Amino acid sequence: MSVADDRAASAGQSQTRSPRVLSVARAKAQTQAEAWGGHDSLVQLRPDLHDVVDGGPPKPLRGLMMILLVLMAGSAIGIGSAALVIQGERPFTITSLGPWTANPYAGTDKADPYSVAIYTRSARVPLAQGEGLALTAYDDSSGRPLSPDCTYEISGTTPTARLWTLTAANDKGDLAATMAGRTSLASPGLLRNEDGSFQITASRTPSSGNWLPLANSPDVLEGLSFTFRLYDAPVTTGASLEGAEMPDIRRLGCR
Amino acid sequence: MSIHLPSRLRWGAAFVATLSLAVVVHILVVLAIPREVTHSAYTDAARFGPDRQFNLLPAVEAGAEPLPGLDPAMKHAACRYQLDDGPVLFTAAVPVPFWSIGLFNATGEVVYSLNNRTAGSDILSLLLITPQQLSILRENPPEDLDKLIVIETAATQGFALLRAFSPSPAKDLEVDLAMKTAFCGRFE
(Lines give C-alpha, C1' and ligand atoms only; values in the text may rest on other atoms or scores of the structure.)
Protein backbone atom coordinates (compact mmCIF):
# COMPACT_ATOMS: atom_id res chain seq x y z
CA MET A 1 0.00 0.00 0.00
CA SER A 2 1.29 3.40 -0.93
CA VAL A 3 1.51 6.53 1.13
CA ALA A 4 -1.33 8.17 -0.82
CA ASP A 5 -3.66 5.30 -0.06
CA ASP A 6 -2.80 5.41 3.60
CA ARG A 7 -3.65 9.09 3.65
CA ALA A 8 -6.93 8.57 1.90
CA ALA A 9 -7.78 5.84 4.36
CA SER A 10 -6.91 8.13 7.23
CA ALA A 11 -9.32 10.68 5.75
CA GLY A 12 -12.06 8.26 6.59
CA GLN A 13 -12.94 7.22 3.04
CA SER A 14 -12.89 3.66 1.77
CA GLN A 15 -10.39 3.95 -1.07
CA THR A 16 -10.07 1.23 -3.62
CA ARG A 17 -8.51 3.47 -6.25
CA SER A 18 -4.98 2.89 -7.28
CA PRO A 19 -2.23 5.03 -5.95
CA ARG A 20 -1.79 8.43 -7.61
CA VAL A 21 0.11 11.47 -6.65
CA LEU A 22 -2.98 13.52 -7.46
CA SER A 23 -5.02 11.82 -4.79
CA VAL A 24 -2.93 13.78 -2.34
CA ALA A 25 -4.75 16.87 -3.59
CA ARG A 26 -8.02 15.03 -3.20
CA ALA A 27 -7.17 14.10 0.34
CA LYS A 28 -6.42 17.76 1.02
CA ALA A 29 -9.78 18.74 -0.43
CA GLN A 30 -11.46 16.31 1.90
CA THR A 31 -9.74 17.73 4.95
CA GLN A 32 -10.83 21.18 3.76
CA ALA A 33 -14.38 19.95 3.51
CA GLU A 34 -14.18 18.68 7.02
CA ALA A 35 -12.99 22.09 8.06
CA TRP A 36 -16.13 23.52 6.44
CA GLY A 37 -18.10 21.70 9.03
CA GLY A 38 -19.10 18.39 7.53
CA HIS A 39 -20.50 19.77 4.22
CA ASP A 40 -19.72 16.54 2.45
CA SER A 41 -21.91 17.47 -0.50
CA LEU A 42 -19.26 19.97 -1.59
CA VAL A 43 -16.78 17.17 -2.01
CA GLN A 44 -19.17 15.41 -4.32
CA LEU A 45 -19.84 18.52 -6.39
CA ARG A 46 -16.19 19.23 -6.86
CA PRO A 47 -14.92 17.69 -10.13
CA ASP A 48 -12.66 14.84 -9.37
CA LEU A 49 -9.21 15.88 -10.57
CA HIS A 50 -8.23 12.27 -10.70
CA ASP A 51 -10.81 11.59 -13.40
CA VAL A 52 -10.16 14.75 -15.41
CA VAL A 53 -6.45 14.39 -15.73
CA ASP A 54 -5.75 10.75 -16.63
CA GLY A 55 -9.02 9.13 -17.60
CA GLY A 56 -9.85 7.76 -14.20
CA PRO A 57 -9.34 4.49 -12.47
CA PRO A 58 -10.02 1.17 -14.18
CA LYS A 59 -13.73 0.54 -14.41
CA PRO A 60 -14.36 -3.20 -14.70
CA LEU A 61 -17.43 -2.78 -16.94
CA ARG A 62 -15.66 -0.44 -19.33
CA GLY A 63 -12.68 -2.79 -19.53
CA LEU A 64 -15.00 -5.65 -20.39
CA MET A 65 -16.74 -3.56 -23.05
CA MET A 66 -13.36 -2.69 -24.54
CA ILE A 67 -12.34 -6.35 -24.70
CA LEU A 68 -15.68 -7.29 -26.28
CA LEU A 69 -15.31 -4.47 -28.79
CA VAL A 70 -11.79 -5.59 -29.68
CA LEU A 71 -12.95 -9.21 -30.07
CA MET A 72 -15.90 -8.28 -32.24
CA ALA A 73 -14.08 -5.75 -34.41
CA GLY A 74 -11.06 -8.05 -34.80
CA SER A 75 -13.19 -11.03 -35.85
CA ALA A 76 -15.31 -8.90 -38.17
CA ILE A 77 -12.30 -7.37 -39.92
CA GLY A 78 -10.56 -10.76 -40.15
CA ILE A 79 -13.57 -12.61 -41.55
CA GLY A 80 -14.59 -9.69 -43.76
CA SER A 81 -11.18 -9.26 -45.36
CA ALA A 82 -10.86 -13.03 -45.94
CA ALA A 83 -14.33 -13.14 -47.53
CA LEU A 84 -13.47 -10.16 -49.73
CA VAL A 85 -10.33 -11.83 -51.08
CA ILE A 86 -11.88 -15.30 -51.49
CA GLN A 87 -15.16 -14.14 -53.01
CA GLY A 88 -13.29 -11.86 -55.39
CA GLU A 89 -12.13 -15.15 -56.97
CA ARG A 90 -8.91 -13.70 -58.29
CA PRO A 91 -6.08 -16.09 -57.55
CA PHE A 92 -2.88 -14.38 -56.55
CA THR A 93 -0.85 -13.18 -59.48
CA ILE A 94 2.48 -14.94 -59.75
CA THR A 95 3.47 -13.41 -63.06
CA SER A 96 2.07 -10.68 -65.21
CA LEU A 97 2.68 -9.50 -68.75
CA GLY A 98 1.17 -6.05 -69.18
CA PRO A 99 -2.46 -6.42 -68.14
CA TRP A 100 -2.31 -10.22 -68.37
CA THR A 101 -1.91 -12.11 -65.11
CA ALA A 102 -1.22 -15.77 -64.48
CA ASN A 103 -0.80 -18.12 -61.56
CA PRO A 104 0.71 -21.32 -62.99
CA TYR A 105 0.72 -22.91 -59.53
CA ALA A 106 -3.01 -22.47 -58.86
CA GLY A 107 -4.60 -25.88 -58.52
CA THR A 108 -1.35 -27.64 -57.70
CA ASP A 109 0.24 -28.57 -54.40
CA LYS A 110 2.55 -25.54 -54.80
CA ALA A 111 -0.37 -23.09 -54.74
CA ASP A 112 -0.61 -20.26 -52.19
CA PRO A 113 -3.32 -20.58 -49.49
CA TYR A 114 -5.54 -17.97 -51.17
CA SER A 115 -5.58 -19.80 -54.50
CA VAL A 116 -6.25 -23.07 -52.67
CA ALA A 117 -9.21 -21.49 -50.86
CA ILE A 118 -10.56 -19.90 -54.06
CA TYR A 119 -10.19 -23.05 -56.16
CA THR A 120 -11.68 -25.43 -53.60
CA ARG A 121 -14.52 -23.09 -52.68
CA SER A 122 -15.57 -22.49 -56.29
CA ALA A 123 -14.82 -26.15 -57.20
CA ARG A 124 -13.17 -24.96 -60.40
CA VAL A 125 -10.94 -27.18 -62.46
CA PRO A 126 -7.55 -25.63 -63.15
CA LEU A 127 -5.72 -25.83 -66.43
CA ALA A 128 -2.84 -28.14 -65.54
CA GLN A 129 0.75 -27.30 -66.52
CA GLY A 130 0.96 -30.21 -68.95
CA GLU A 131 -2.09 -28.89 -70.74
CA GLY A 132 -1.43 -25.18 -71.02
CA LEU A 133 -1.37 -21.81 -69.33
CA ALA A 134 -4.26 -19.43 -68.70
CA LEU A 135 -3.59 -15.67 -68.63
CA THR A 136 -6.39 -13.39 -67.48
CA ALA A 137 -6.76 -9.62 -67.81
CA TYR A 138 -9.05 -7.55 -65.58
CA ASP A 139 -7.71 -4.17 -66.73
CA ASP A 140 -6.85 -2.66 -70.08
CA SER A 141 -3.30 -1.73 -71.05
CA SER A 142 -3.66 1.75 -69.55
CA GLY A 143 -4.77 0.31 -66.21
CA ARG A 144 -8.51 1.01 -66.33
CA PRO A 145 -10.74 -1.85 -65.16
CA LEU A 146 -12.41 -3.66 -68.06
CA SER A 147 -16.10 -2.85 -68.46
CA PRO A 148 -18.64 -4.94 -70.40
CA ASP A 149 -20.14 -1.66 -71.64
CA CYS A 150 -17.04 -0.79 -73.67
CA THR A 151 -15.47 -1.89 -76.92
CA TYR A 152 -11.87 -3.10 -76.83
CA GLU A 153 -9.20 -3.86 -79.37
CA ILE A 154 -6.85 -6.69 -78.43
CA SER A 155 -3.85 -6.58 -80.72
CA GLY A 156 -0.36 -8.01 -80.93
CA THR A 157 1.05 -11.50 -80.61
CA THR A 158 0.96 -14.29 -78.07
CA PRO A 159 3.79 -16.52 -76.85
CA THR A 160 4.24 -19.65 -78.94
CA ALA A 161 1.47 -22.17 -78.42
CA ARG A 162 0.05 -24.98 -80.51
CA LEU A 163 -3.43 -23.61 -79.97
CA TRP A 164 -4.94 -20.75 -78.05
CA THR A 165 -8.42 -19.57 -77.21
CA LEU A 166 -9.59 -16.17 -76.00
CA THR A 167 -12.67 -16.02 -73.77
CA ALA A 168 -14.70 -13.09 -72.44
CA ALA A 169 -16.33 -13.57 -69.04
CA ASN A 170 -17.25 -11.50 -66.01
CA ASP A 171 -14.57 -10.79 -63.42
CA LYS A 172 -15.37 -14.05 -61.60
CA GLY A 173 -14.90 -16.08 -64.77
CA ASP A 174 -18.60 -16.77 -65.41
CA LEU A 175 -19.70 -16.63 -69.03
CA ALA A 176 -22.48 -14.31 -70.17
CA ALA A 177 -24.93 -14.76 -73.06
CA THR A 178 -23.85 -12.95 -76.23
CA MET A 179 -25.50 -11.97 -79.50
CA ALA A 180 -23.50 -14.57 -81.43
CA GLY A 181 -24.05 -17.36 -78.93
CA ARG A 182 -20.32 -17.94 -78.54
CA THR A 183 -18.09 -16.43 -75.87
CA SER A 184 -14.70 -17.33 -77.25
CA LEU A 185 -12.37 -17.11 -80.20
CA ALA A 186 -9.72 -19.67 -81.16
CA SER A 187 -6.38 -19.30 -82.94
CA PRO A 188 -7.21 -21.58 -85.91
CA GLY A 189 -9.18 -19.56 -88.41
CA LEU A 190 -8.03 -16.23 -87.01
CA LEU A 191 -7.32 -13.44 -89.49
CA ARG A 192 -3.71 -12.40 -89.12
CA ASN A 193 -1.39 -9.76 -90.49
CA GLU A 194 1.56 -10.80 -92.62
CA ASP A 195 3.89 -10.75 -89.62
CA GLY A 196 1.60 -13.07 -87.66
CA SER A 197 0.17 -10.41 -85.37
CA PHE A 198 -3.58 -9.95 -85.08
CA GLN A 199 -6.31 -7.51 -84.09
CA ILE A 200 -9.40 -8.69 -82.23
CA THR A 201 -12.40 -6.46 -81.58
CA ALA A 202 -14.29 -7.27 -78.40
CA SER A 203 -17.73 -5.65 -78.51
CA ARG A 204 -21.39 -6.36 -77.95
CA THR A 205 -22.38 -5.76 -81.55
CA PRO A 206 -20.84 -7.63 -84.50
CA SER A 207 -17.59 -6.27 -85.86
CA SER A 208 -15.66 -6.99 -89.02
CA GLY A 209 -12.48 -9.00 -88.78
CA ASN A 210 -11.87 -11.02 -85.64
CA TRP A 211 -14.84 -10.48 -83.37
CA LEU A 212 -15.01 -11.55 -79.73
CA PRO A 213 -18.66 -11.10 -78.67
CA LEU A 214 -19.29 -9.49 -75.27
CA ALA A 215 -22.32 -9.90 -73.00
CA ASN A 216 -25.62 -9.01 -74.63
CA SER A 217 -27.13 -7.38 -71.55
CA PRO A 218 -24.04 -6.46 -69.57
CA ASP A 219 -24.08 -5.95 -65.83
CA VAL A 220 -21.40 -3.36 -65.20
CA LEU A 221 -21.09 -4.48 -61.58
CA GLU A 222 -20.09 -7.97 -62.67
CA GLY A 223 -17.15 -6.58 -64.57
CA LEU A 224 -15.32 -8.11 -67.49
CA SER A 225 -12.26 -10.28 -67.91
CA PHE A 226 -10.43 -11.69 -70.92
CA THR A 227 -8.68 -15.04 -70.66
CA PHE A 228 -6.09 -16.37 -73.08
CA ARG A 229 -5.63 -20.10 -72.72
CA LEU A 230 -2.37 -21.11 -74.37
CA TYR A 231 -2.48 -24.85 -74.99
CA ASP A 232 0.74 -26.82 -75.20
CA ALA A 233 2.80 -23.67 -74.74
CA PRO A 234 6.47 -23.77 -73.78
CA VAL A 235 5.68 -20.96 -71.33
CA THR A 236 4.01 -22.91 -68.56
CA THR A 237 6.11 -21.67 -65.67
CA GLY A 238 6.45 -18.17 -64.32
CA ALA A 239 10.14 -17.84 -65.13
CA SER A 240 9.70 -18.75 -68.79
CA LEU A 241 7.24 -15.89 -69.20
CA GLU A 242 10.03 -13.33 -68.82
CA GLY A 243 10.36 -11.39 -72.04
CA ALA A 244 7.34 -13.04 -73.62
CA GLU A 245 4.89 -10.81 -75.43
CA MET A 246 1.16 -10.61 -74.95
CA PRO A 247 -1.34 -8.47 -76.86
CA ASP A 248 -2.29 -4.95 -75.80
CA ILE A 249 -5.86 -4.17 -74.73
CA ARG A 250 -6.99 -0.77 -75.96
CA ARG A 251 -10.34 0.78 -75.06
CA LEU A 252 -12.02 2.10 -78.21
CA GLY A 253 -15.13 3.56 -76.65
CA CYS A 254 -17.97 3.05 -74.26
CA ARG A 255 -21.72 3.30 -74.58
CA MET B 1 -4.49 -5.38 -9.98
CA SER B 2 -5.66 -4.15 -13.35
CA ILE B 3 -3.39 -2.34 -15.77
CA HIS B 4 -3.87 1.38 -15.63
CA LEU B 5 -2.89 3.22 -18.83
CA PRO B 6 -3.46 6.76 -20.04
CA SER B 7 -6.45 6.81 -22.39
CA ARG B 8 -4.45 7.49 -25.56
CA LEU B 9 -2.23 4.53 -24.89
CA ARG B 10 -5.26 2.43 -24.05
CA TRP B 11 -6.92 3.17 -27.40
CA GLY B 12 -3.64 2.39 -29.12
CA ALA B 13 -3.44 -0.94 -27.33
CA ALA B 14 -7.05 -1.70 -28.33
CA PHE B 15 -6.24 -0.83 -31.94
CA VAL B 16 -3.17 -3.06 -32.01
CA ALA B 17 -5.12 -5.88 -30.35
CA THR B 18 -7.96 -5.54 -32.88
CA LEU B 19 -5.52 -5.60 -35.78
CA SER B 20 -3.59 -8.61 -34.48
CA LEU B 21 -6.83 -10.47 -33.87
CA ALA B 22 -8.04 -9.55 -37.37
CA VAL B 23 -4.83 -10.94 -38.89
CA VAL B 24 -5.12 -14.21 -36.94
CA VAL B 25 -8.81 -14.62 -37.82
CA HIS B 26 -8.08 -13.79 -41.50
CA ILE B 27 -5.39 -16.47 -41.70
CA LEU B 28 -7.56 -19.04 -39.89
CA VAL B 29 -10.52 -18.39 -42.20
CA VAL B 30 -8.40 -18.68 -45.37
CA LEU B 31 -6.81 -21.92 -44.13
CA ALA B 32 -10.14 -23.35 -42.93
CA ILE B 33 -12.07 -22.83 -46.18
CA PRO B 34 -10.57 -25.81 -48.07
CA ARG B 35 -11.59 -28.12 -45.18
CA GLU B 36 -15.08 -26.74 -44.89
CA VAL B 37 -16.23 -26.72 -48.52
CA THR B 38 -19.39 -28.72 -49.08
CA HIS B 39 -18.77 -29.57 -52.72
CA SER B 40 -15.71 -30.07 -54.85
CA ALA B 41 -15.10 -30.64 -58.53
CA TYR B 42 -14.83 -34.34 -57.62
CA THR B 43 -18.35 -34.45 -56.12
CA ASP B 44 -19.72 -32.23 -58.91
CA ALA B 45 -18.31 -34.57 -61.56
CA ALA B 46 -20.62 -37.34 -60.26
CA ARG B 47 -23.55 -35.55 -61.93
CA PHE B 48 -22.43 -36.47 -65.43
CA GLY B 49 -22.75 -40.23 -65.15
CA PRO B 50 -21.42 -43.37 -63.48
CA ASP B 51 -17.90 -43.58 -62.04
CA ARG B 52 -15.08 -45.36 -63.86
CA GLN B 53 -16.17 -44.37 -67.33
CA PHE B 54 -15.75 -41.23 -69.42
CA ASN B 55 -18.92 -39.13 -69.46
CA LEU B 56 -19.26 -36.38 -72.05
CA LEU B 57 -19.89 -33.02 -70.42
CA PRO B 58 -22.55 -30.71 -71.88
CA ALA B 59 -21.23 -27.81 -73.96
CA VAL B 60 -19.75 -24.96 -71.91
CA GLU B 61 -22.33 -22.21 -72.39
CA ALA B 62 -23.30 -19.06 -70.54
CA GLY B 63 -25.35 -19.84 -67.44
CA ALA B 64 -24.98 -23.62 -67.97
CA GLU B 65 -21.33 -24.30 -67.34
CA PRO B 66 -20.92 -27.96 -66.33
CA LEU B 67 -17.96 -27.08 -64.08
CA PRO B 68 -16.59 -23.58 -63.39
CA GLY B 69 -13.46 -22.43 -65.17
CA LEU B 70 -13.78 -24.56 -68.29
CA ASP B 71 -12.90 -23.29 -71.75
CA PRO B 72 -16.07 -22.77 -73.84
CA ALA B 73 -14.07 -23.55 -76.99
CA MET B 74 -13.24 -27.09 -75.83
CA LYS B 75 -15.14 -30.35 -75.51
CA HIS B 76 -14.79 -32.12 -72.19
CA ALA B 77 -15.27 -35.62 -70.84
CA ALA B 78 -14.83 -36.55 -67.19
CA CYS B 79 -14.22 -39.84 -65.41
CA ARG B 80 -14.34 -40.26 -61.64
CA TYR B 81 -12.17 -43.04 -60.30
CA GLN B 82 -11.36 -44.81 -57.05
CA LEU B 83 -8.12 -46.73 -56.81
CA ASP B 84 -9.29 -48.94 -53.92
CA ASP B 85 -10.71 -51.46 -56.39
CA GLY B 86 -7.47 -51.64 -58.38
CA PRO B 87 -5.46 -49.51 -60.81
CA VAL B 88 -7.31 -47.45 -63.42
CA LEU B 89 -6.41 -47.52 -67.09
CA PHE B 90 -7.16 -44.59 -69.39
CA THR B 91 -7.11 -45.05 -73.14
CA ALA B 92 -8.34 -42.65 -75.78
CA ALA B 93 -7.90 -41.91 -79.44
CA VAL B 94 -9.40 -38.54 -80.24
CA PRO B 95 -9.00 -37.42 -83.88
CA VAL B 96 -8.33 -33.73 -83.18
CA PRO B 97 -5.28 -31.50 -83.58
CA PHE B 98 -5.18 -30.94 -79.81
CA TRP B 99 -6.32 -32.90 -76.81
CA SER B 100 -5.10 -33.03 -73.24
CA ILE B 101 -5.89 -34.95 -70.09
CA GLY B 102 -5.61 -33.75 -66.51
CA LEU B 103 -5.80 -36.04 -63.49
CA PHE B 104 -7.06 -34.35 -60.32
CA ASN B 105 -7.41 -35.61 -56.77
CA ALA B 106 -10.60 -35.33 -54.70
CA THR B 107 -9.78 -31.77 -53.61
CA GLY B 108 -9.21 -30.67 -57.21
CA GLU B 109 -5.41 -30.55 -57.17
CA VAL B 110 -3.53 -31.61 -60.26
CA VAL B 111 -2.01 -35.08 -59.97
CA TYR B 112 -0.73 -35.37 -63.53
CA SER B 113 -1.38 -33.85 -66.92
CA LEU B 114 -0.30 -34.32 -70.49
CA ASN B 115 -1.36 -33.41 -74.03
CA ASN B 116 -1.27 -35.27 -77.30
CA ARG B 117 2.23 -34.03 -78.15
CA THR B 118 3.80 -34.90 -74.79
CA ALA B 119 1.97 -38.27 -74.84
CA GLY B 120 4.24 -39.21 -77.73
CA SER B 121 1.47 -40.79 -79.79
CA ASP B 122 -2.04 -40.03 -80.95
CA ILE B 123 -3.37 -42.74 -78.68
CA LEU B 124 -3.51 -42.15 -74.95
CA SER B 125 -2.72 -45.11 -72.72
CA LEU B 126 -2.11 -44.19 -69.12
CA LEU B 127 -2.21 -46.29 -65.98
CA LEU B 128 -2.93 -44.69 -62.62
CA ILE B 129 -1.78 -46.81 -59.73
CA THR B 130 -0.97 -46.63 -56.03
CA PRO B 131 2.60 -47.45 -54.94
CA GLN B 132 1.40 -50.67 -53.23
CA GLN B 133 -0.48 -51.82 -56.33
CA LEU B 134 2.56 -51.07 -58.47
CA SER B 135 4.87 -53.20 -56.34
CA ILE B 136 2.39 -56.08 -56.64
CA LEU B 137 2.12 -55.53 -60.40
CA ARG B 138 5.92 -55.52 -60.81
CA GLU B 139 6.18 -59.06 -59.43
CA ASN B 140 4.30 -60.36 -62.45
CA PRO B 141 4.38 -57.57 -65.03
CA PRO B 142 2.01 -57.75 -67.99
CA GLU B 143 3.60 -57.61 -71.46
CA ASP B 144 2.27 -54.23 -72.44
CA LEU B 145 3.29 -52.46 -69.23
CA ASP B 146 6.22 -50.66 -70.89
CA LYS B 147 3.87 -49.23 -73.52
CA LEU B 148 1.83 -47.50 -70.85
CA ILE B 149 2.46 -44.23 -69.11
CA VAL B 150 2.42 -45.37 -65.48
CA ILE B 151 1.57 -42.72 -62.88
CA GLU B 152 1.96 -43.48 -59.20
CA THR B 153 -0.28 -41.63 -56.77
CA ALA B 154 -1.21 -41.92 -53.13
CA ALA B 155 -4.56 -40.18 -53.71
CA THR B 156 -7.06 -43.01 -54.14
CA GLN B 157 -9.96 -40.80 -55.26
CA GLY B 158 -10.08 -38.33 -58.07
CA PHE B 159 -11.22 -37.57 -61.57
CA ALA B 160 -9.77 -37.29 -65.03
CA LEU B 161 -10.76 -34.50 -67.38
CA LEU B 162 -10.21 -35.03 -71.09
CA ARG B 163 -10.22 -31.85 -73.17
CA ALA B 164 -10.37 -31.83 -76.94
CA PHE B 165 -10.47 -29.00 -79.46
CA SER B 166 -12.92 -29.70 -82.25
CA PRO B 167 -11.52 -27.90 -85.32
CA SER B 168 -14.91 -27.48 -87.00
CA PRO B 169 -18.60 -28.14 -86.27
CA ALA B 170 -18.51 -30.77 -89.01
CA LYS B 171 -16.20 -32.89 -86.85
CA ASP B 172 -18.18 -32.42 -83.64
CA LEU B 173 -20.06 -35.71 -83.82
CA GLU B 174 -16.92 -37.69 -84.52
CA VAL B 175 -15.12 -36.01 -81.61
CA ASP B 176 -18.07 -36.58 -79.28
CA LEU B 177 -18.08 -40.27 -80.15
CA ALA B 178 -14.32 -40.60 -79.65
CA MET B 179 -14.58 -38.96 -76.21
CA LYS B 180 -17.54 -41.08 -75.15
CA THR B 181 -15.74 -44.27 -76.14
CA ALA B 182 -12.54 -43.26 -74.40
CA PHE B 183 -11.79 -45.90 -71.81
CA CYS B 184 -11.46 -45.33 -68.09
CA GLY B 185 -11.65 -48.43 -65.96
CA ARG B 186 -10.23 -51.68 -64.70
CA PHE B 187 -6.74 -52.70 -65.81
CA GLU B 188 -6.55 -56.42 -66.56
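Everything quoted here is computed from the prediction, not taken from an experiment. Chain A is the first sequence line, chain B the second, and so forth, proteins listed ahead of strands; every chain is numbered from 1.
A salt bridge links Lys75(B) with Asp176(B); the closest basic N to acidic carboxylate O contact falls under 4.0 Å.
Top candidate by heavy-atom pairs under 4.5 Å with chain A, chosen from Asp71(B), Thr43(B), Val111(B), is Asp71(B). Contact count against chain A (heavy-atom pairs under 4.5 Å) is highest for Pro72(B) among Ala32(B), Pro72(B), Gly108(B). For the set Thr183(A), Ile79(A), Thr227(A), the count of heavy-atom pairs under 4.5 angstrom toward chain B peaks at Ile79(A). Between chain A and the residues Ile33(B), Ile27(B), Thr18(B), the most heavy-atom pairs under 4.5 angstrom are made by Thr18(B). Most heavy-atom pairs under 4.5 Å with chain B, from the set Gly74(A), Ala111(A), Ala177(A): that is Gly74(A). Contact count versus chain B (heavy atoms, under 4.5 Å) is highest, among Leu163(A), Ile67(A), Ile77(A), for Leu163(A). Taking Leu70(B), Leu31(B), Thr107(B) one by one and counting their heavy-atom pairs under 4.5 Å with chain A, the maximum is reached by Leu70(B). With chain A as the partner, the residue from Val60(B), Leu28(B), Asn115(B) showing the most heavy-atom pairs under 4.5 Å is Asn115(B).
When heavy atoms are compared at a cutoff of 4.5 Å, Asp44(B) approaches chain A solely by way of its side chain, counted from C-beta outward. Residue Ile86(A) touches chain B through its side chain alone, counting heavy-atom pairs closer than 4.5 Å. Interface remark: Pro188(A) contributes side-chain atoms only to the contact with chain B (heavy atom separation under 4.5 Å). Within the 4.5 angstrom heavy-atom criterion, atoms from both the backbone and the side chain of Ala73(A) approach chain B. For Leu67(B), the part lying near chain A is the side chain, with the backbone staying farther off; criterion is any non-hydrogen pair under 4.5 Å. Neither the backbone nor the side chain of Val23(B) comes within less than 4.5 Å of any heavy atom in chain A. For Phe159(B), the part sitting under 4.5 Å from any heavy atom of chain A is the side chain, from C-beta outward, and nothing else. Looking at Arg163(B), only its side chain comes within 4.5 Å of chain A, counting heavy atoms on both sides. Heavy atoms closer than 4.5 Å to chain B are found in the side chain of Arg162(A), but not in its backbone. At a 4.5 Å heavy-atom cutoff, the contact between Leu127(A) and chain B is made by backbone and side-chain atoms alike. Both the backbone and the side chain of Leu71(A) come within contact range of chain B, with heavy atoms under 4.5 Å apart. Neither the backbone nor the side chain of Val24(B) comes within contact range of chain A; no heavy atoms are under 4.5 Å apart.
Note: Leu224(A) CG to Leu146(A) CG = 5.0 Å, rounded to the nearest 0.5 Å. In this structure, Asn216(A) CG and Arg204(A) CZ are separated by 6.0 Å, a value rounded to the nearest 0.5 Å. The CD1 atom of Ile151(B) sits 4.0 Å away from the OH atom of Tyr112(B) when rounded to the nearest 0.5 Å. Going from atom CG of Leu148(B) over to atom CZ of Phe187(B) covers 5.5 Å, rounded to the nearest 0.5 Å. Atom CG of Asp219(A) is separated from atom CG of Asn170(A) by 8.5 Å, given to the nearest 0.5 angstrom.
Using a 30° and 60° split on the angle between ring planes, Tyr152(A) and Phe226(A) fall in the perpendicular class, above 60°.
Checked against salt bridge (charged side-chain N to carboxylate O under 4.0 Å, His left out), Asp51(B) has the following partners two or more places apart in sequence or in another chain: Arg80(B). Applying the side-chain hydrogen bond (donor to acceptor under 3.5 Å, both in side chains) test to Thr130(B) and every residue at least two apart in sequence or in another chain returns Gln133(B).
Between Phe228(A) and Trp100(A), the gap from one ring centroid to the other is short of 6.0 Å.
Pairs engaging residues 22-33 of chain B under the side chain to side chain donor-acceptor pair (under 3.5 Å) rule: Ser81(A)-His26(B), Tyr114(A)-His26(B) [sequence neighbours left out].
A donor atom on one side chain and an acceptor atom on the other are found under 3.5 Å apart for Ser115(A) and Asn103(A). Ser187(A) and Trp164(A) share no donor-acceptor pair across their side chains, judged by distance under 3.5 Å alone.
With hydrogens and angles disregarded, a donor-acceptor distance shorter than 3.5 Å links the side chain of Arg52(B) to the backbone of Gln82(B). Side chain of Asn210(A) to backbone of Leu191(A): a donor-acceptor contact under 3.5 angstrom is found.
Enclosure of atom NZ in Lys171(B) by more than 12 non-hydrogen atoms of other residues, nucleotides or ligands within 6.0 angstrom is indicated.
Taking 4.5 Å as the heavy-atom cut-off, the residues of residues 88-106 of chain B that approach chain A are Pro97(B), Phe98(B), Ser100(B), Ile101(B), Gly102(B), Phe104(B), ordered by number.
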